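Numbers here are sequence positions counted from 1. Whatever order the structure lists them in is the order used to number ligands and atoms, beginning at 1. These values consider heavy atoms only, across backbone and side chains, with no hydrogens, waters or symmetry-generated copies. Being a predicted model, the structure only gives us computed values, none of them experimental.
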Amino acid sequence: LCQLDEDKPLSGYTALVTAGPTHEPVDPVRYLANRSSGTQGYAIATALAQAGATVTLVSGPTTLPDPPGVTTIRVETARDMLDACQQALPCDIAICAAAVADWHVAPSAQKIKKTADSTPPVLHLVPNPDILATLSQPSPNRPRLVIGFAAETEHVLAHATAKRLRKGCDWMVANDVSPATGIMGGRENEIILIDNAGSAHWPRLDKLQVAHRLVARIAAFLHPAQA
Ligand code: CTP
Ligand code: CA
């Protein structure tokens, strides 16, 4: 093998990454969202690009700069995120690291005001599309490798294993995001990688190292002879 292949094991491959939260507007000044800094997803997009892949990052609102060498598409809502992902197909690898809001509301055109009698407004929640499940569905456009994330606060392996099957993705990256772990919003991550053969518990690593290790495993999966 030439040096180039070893440095760029994903050259010629296309990858789609979702990252960050989605914001679902309630009115012009309020939104529903999940907690997500986008750090892990941006690190994965960066690592894929460094490995030679052509990467599209579909990102919800974050404070992070666009990763170098990556086509970054900024979206706000889950529905916009799904649209942008579908525009990016076909691709070889899809990694859904976004913390997608599970619901949206029909936004009020004007700021919702507190009423004189303090009756709180009632939000009617409507389910959002599931981007990971949609990308995982059997179709001629289905990426060869679809990877999801499962951020759980208890029964991590059991919940994430069930989630992998429910979503139809190939691998699930599970982590414990209980506040005591400090993972949410932190620099490090500690994951369990689940595939059809079982699970592997990785040590606690910097999120960039998690990204590089995941990319190495993707490269080994796509061309095992070179691994
Ligand atoms: N996901 C997605 N679209 C959604 C919801 C989730 O693409 N509308 C993806 C996330 O990016 C992640 C995976 O699905 O890769 C798991 O997300 P999670 O919120 O843990 O799963 P849910 O099925 O929404 O389950 P829960 O009830 O635990 O929130
Ligand atoms: Ca969810």
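If you check which protein heavy atom lies closest to atom 24 (O) of ligand 1, you get Asp102 OD1, 3.0 Å. Residue, atom and distance of the protein heavy atom nearest to atom 8 (N) of ligand 1 are Pro129 O, 2.8 Å. Of the protein's heavy atoms, Lys163 NZ, 3.8 Å lies nearest to atom 26 (P) of ligand 1. Atom 16 (C) of ligand 1 has Phe149 O, 2.9 Å as its closest protein atom, hydrogens excluded (heavy atom only). For atom 11 (O) of ligand 1, the nearest non-hydrogen atom of the protein is Ala98 O, 2.7 Å. Nearest protein heavy-atom neighbour of atom 9 (C) of ligand 1: Leu132 CB, 3.7 Å.
Side-chain contact, Asp117 with Thr119: a donor N or O sits under 3.5 Å from an acceptor N or O. Inspection of the Tyr42 and Ser59 side chains reveals an N or O donor paired with an N or O acceptor under 3.5 Å.
Under a 4.0 angstrom heavy-atom cut-off, Ala78 registers as lying outside contact with ligand 1.
Judged by the 6.0 Å and 45° rule, Arg217 forms no cation-pi pair with Trp202.
At under 3.5 Å, not a single nitrogen or oxygen of Met172, backbone or side chain, sits near a nitrogen or oxygen of ligand 1.
Taking the ring-ring contact (aromatic ring centres under 6.0 Å, His included) definition, one finds that His201 meets it with nothing, sequence neighbours left out.
Looking at Lys167 against ligand 1, only its side chain comes within 4.0 Å, counting heavy atoms.
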